[in-house]
Amino acid sequence: MNHSLVLVVNCGSSSLKLAIVEPESGRRFVEALAERLFTAQADMTIHSREAGKTVISLPDADHAQAFEVFAAHLSTEKEMTSRIIGVSHRVVHGGEYFRCPVLVDGDVLQKINACSGLAPLHNPANLQGIHAAIRHFPELPQVAVFDTAFHQTLPETAYLYAIPYELYEKHQLRRYGFHGTSHNYLMLEAARRLGRPADQLNLLTLHLGNGCSACAIRQGRSVDTTMGLTPLEGLVMGTRSGDLDPGLILHLLEHMDFSSKEVDELLNRRSGLQGLSGLSNDMRTLAQAAQSGNRQARLAIEVFCFRLAKNIAALSVSCAPLDALVFSGGIGENSVQIRQRTLVWLAPLGFAVDEQNNRVHGKDSDGRISPMNTPDVRVIPTDEEVMLARGAVSLIAGESP
Ligand code: ADP
């Protein structure tokens, strides 16, 4: 039987990720990744079930040009293209406007643009992707799915910063949270595996990739998360510092002659695992280096795990009694060592590791990596693209008479 397909579009600041996804099964028919856009080295790799792998050089291309190349590739696969019923776009910042996926119209475009000040690298790129898709597929419904939407249920106590309240009222300076699509997927998948409705579950979900965030979920709703106004707050990440004393920023500006641009670059691109290790932002590289005796690599891993454990403990106040702690993202899904070291810090809260199940990433135990008489800890691979595709389908289905 031929099912409907959704084109999923994810525009980063210098990358474009595209996938044609079958929403029910999660199967991918085509996947493409354009990287290093706006540079002479820009290229796009396309994996297609029909045509295999193709690499196309795209010197100095922008998002729109990369999208054009992808659309031209699709025109050679007419049968598959005819099954696409909509385009689903990942949009990073939806401010306080969006709590769920929406069909894109003029008003939505204006609001995404209005949030650009809060996500200057991401929202303009997301808009580029939407405009390119509208140009190429004017007949298809376009859907926007927001990274911030899942966290719009945060209570005031969790989203307010302790700064003058008028800065929130007049300028919307508050905590928003990100990776919402991933945390939402992990909640639904945990509910499926635990055999209980999501709205009865208390969970703590960890998305640990290049960007890292944790989310406290109480009865199916996000009630606290580690990222804030921007994706810089919270955990130690690949190149981002996560939490630090705001006084440190003042010190850099006032006493060390940093410009605001240099502080931005320092905290977003030269900190985190990269900054601590002086070696790499990639956890695999650090794990290997630490094993061969590199002290700084080992230190970066220790700080990462300690800060993660500390944040898990802090988030626990919002979601006790906990039904499951979920590890996900490239690091959470693949690193036996990071899971183990983090859980050792959490032993005072009763957490423990089943070493054998952890070693095989919970593959033999429906993801479970903790012993039966201790808090449930699972490894669950995330799938943001399938959430984007499903979000679009439910909206499009809801639209038809
Ligand atoms: P993104 O946020 O870009 O989607 P991923 O979710 O793919 O990133 O996560 C990338 C991170 O996952 C990198 O730090 C990478 O080193 C780490 N990672 C992937 N596989 C492993 C592994 N086997 N062991 C440790 N870390 C891993």
Side-chain angles (χ1 to χ4, degrees), residues 8-19 28 31-37 45 47 90 92 119 121-122 125 145 147 177-186 189 205-215 225-227 230-232 234-242 268-292 294 296-298 300-305 307-308 326-343 353 358-363 369 379-388:
V8 172
V9 180
N10 182 354
C11 270
S13 48
S14 62
S15 68
L16 171 64
K17 224 168 144 182
L18 299 144
R28 270 58 163 180
E31 286 182 285
L33 175 63
E35 292 180 287
R36 298 173 290 274
L37 293 173
T45 307
H47 289 272
R90 173 184 182 211
V92 166
L121 286 180
H122 293 100
V145 179
D147 261 24
F178 298 87
H179 289 148
T181 308
S182 176
H183 292 296
N184 193 358
Y185 176 87
L186 295 172
E189 184 56 20
T205 49
L206 311 174
H207 178 103
L208 309 175
N210 275 312
C212 299
S213 72
C215 178
T225 188
T226 52
M227 285 178 166
T230 73
L232 183 55
L235 306 174
V236 175
M237 310 183 211
T239 60
R240 284 174 244 165
S241 64
N268 275 302
R269 301 197 192 281
R270 291 200 286 127
S271 294
L273 295 173
Q274 171 71 54
L276 279 168
S277 69
L279 183 68
S280 171
N281 63 333
D282 191 291
M283 191 56 95
R284 270 168 302 195
T285 309
L286 296 185
Q288 276 163 12
Q291 208 169 22
S292 0
N294 183 311
Q296 265 177 265
R298 201 164 56 226
I301 292 173
E302 287 299 341
V303 175
F304 182 93
C305 294
R307 286 268 297 274
L308 177 57
V326 177
F327 280 87
S328 195
I331 298 173
E333 291 164 30
N334 297 301
S335 177
V336 175
Q337 180 195 22
I338 296 295
R339 294 192 299 259
Q340 204 261 342
R341 282 172 186 259
T342 304
L343 290 168
V353 193
N358 188 33
R359 203 171 307 123
V360 295
H361 314 292
K363 294 227 162 72
I369 56 162
V379 177
I380 300 183
T382 195
D383 195 339
E384 290 165 283
E385 282 164 356
V386 104
M387 277 306 277
L388 281 150

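We number each residue from 1, following the sequence as shown. Hydrogens, waters and symmetry mates play no part in the numbers below; they use all other heavy atoms, side chains included. Counting convention: from 1, in listed order, for ligands and their atoms alike. Being a predicted model, the structure only gives us computed values, none of them experimental.
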Is the backbone of V379 close enough, under 3.5 Å, to the side chain of E333 for a donor and an acceptor to pair up by distance?
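Flag not set: sc E333 to bb V379 has no pair under 3.5 Å.
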
If only atom types and distance count, is the side chain of R269 paired as donor or acceptor with the main-chain N or O of T239 below 3.5 Å?
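It does not hold such a pair.
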
Heavy-atom distance from atom 4 (O) of ligand 1 to the protein below 4.0 Å?
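Under 4.0 Å from atom 4 (O) of ligand 1, zero protein heavy atoms found.
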
Pairs of nitrogen or oxygen atoms closer than 3.5 Å, one from [X] and one from ligand 1: do any exist?
| X | result |
| --- | --- |
| G330 | yes |
| G329 | no |
| S335 | no |
| M283 | yes |

Using a strict cut-off of 4.0 Å, indicate which atoms of ligand 1 neighbour a heavy atom of G209.
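Taking each heavy atom of G209 in turn, ligand 1 has 2 (O), 5 (P), 6 (O), 8 (O), 9 (O) under 4.0 Å.
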
Testing the basics here: between L121 and S13, what is the closest heavy-atom pair and its distance to 0.1 Å?
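Of all heavy-atom pairs spanning L121 and S13, the closest is O-CB, 3.7 Å.
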
Tell me which pairs pass salt bridge (Lys or Arg N to Asp or Glu O under 4.0 Å) where either residue lies in residues 278-292, with sequence neighbours left out.
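Of all non-adjacent pairs touching residues 278-292, those that pass salt bridge (Lys or Arg N to Asp or Glu O under 4.0 Å) are D282-R284.
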
For [atom], closest protein heavy-atom neighbour:
| atom | result |
| --- | --- |
| atom 17 (C) of ligand 1 | I331 CG1, 3.6 Å |
| atom 22 (C) of ligand 1 | N334 CB, 3.4 Å |
| atom 8 (O) of ligand 1 | N210 N, 3.4 Å |
| atom 24 (N) of ligand 1 | R284 CG, 3.7 Å |
| atom 16 (O) of ligand 1 | D282 OD1, 2.5 Å |

Step through the shown structure and confirm whether more than 12 heavy atoms of other residues, nucleotides or ligands are within 6.0 Å of CZ on R36.
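Enclosed: over 12 neighbouring heavy atoms sit under 6.0 Å from CZ of R36.
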
Atom pair NE2 (H361) and CD1 (I369), whose distance is rounded to the nearest 0.5 Å:
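So the gap between those two atoms works out to 10.0 Å.
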
Any residue meeting salt bridge (charged side-chain N to carboxylate O under 4.0 Å, His left out) with R298, in chain and number order, not counting sequence neighbours:
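Result, salt bridge (charged side-chain N to carboxylate O under 4.0 Å, His left out) vs R298: none returned.
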
Is the closest side-chain donor-acceptor distance between T205 and H179 under 3.5 Å?
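Checked: T205/H179 side chains show no N/O donor-acceptor pair below 3.5 Å.
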
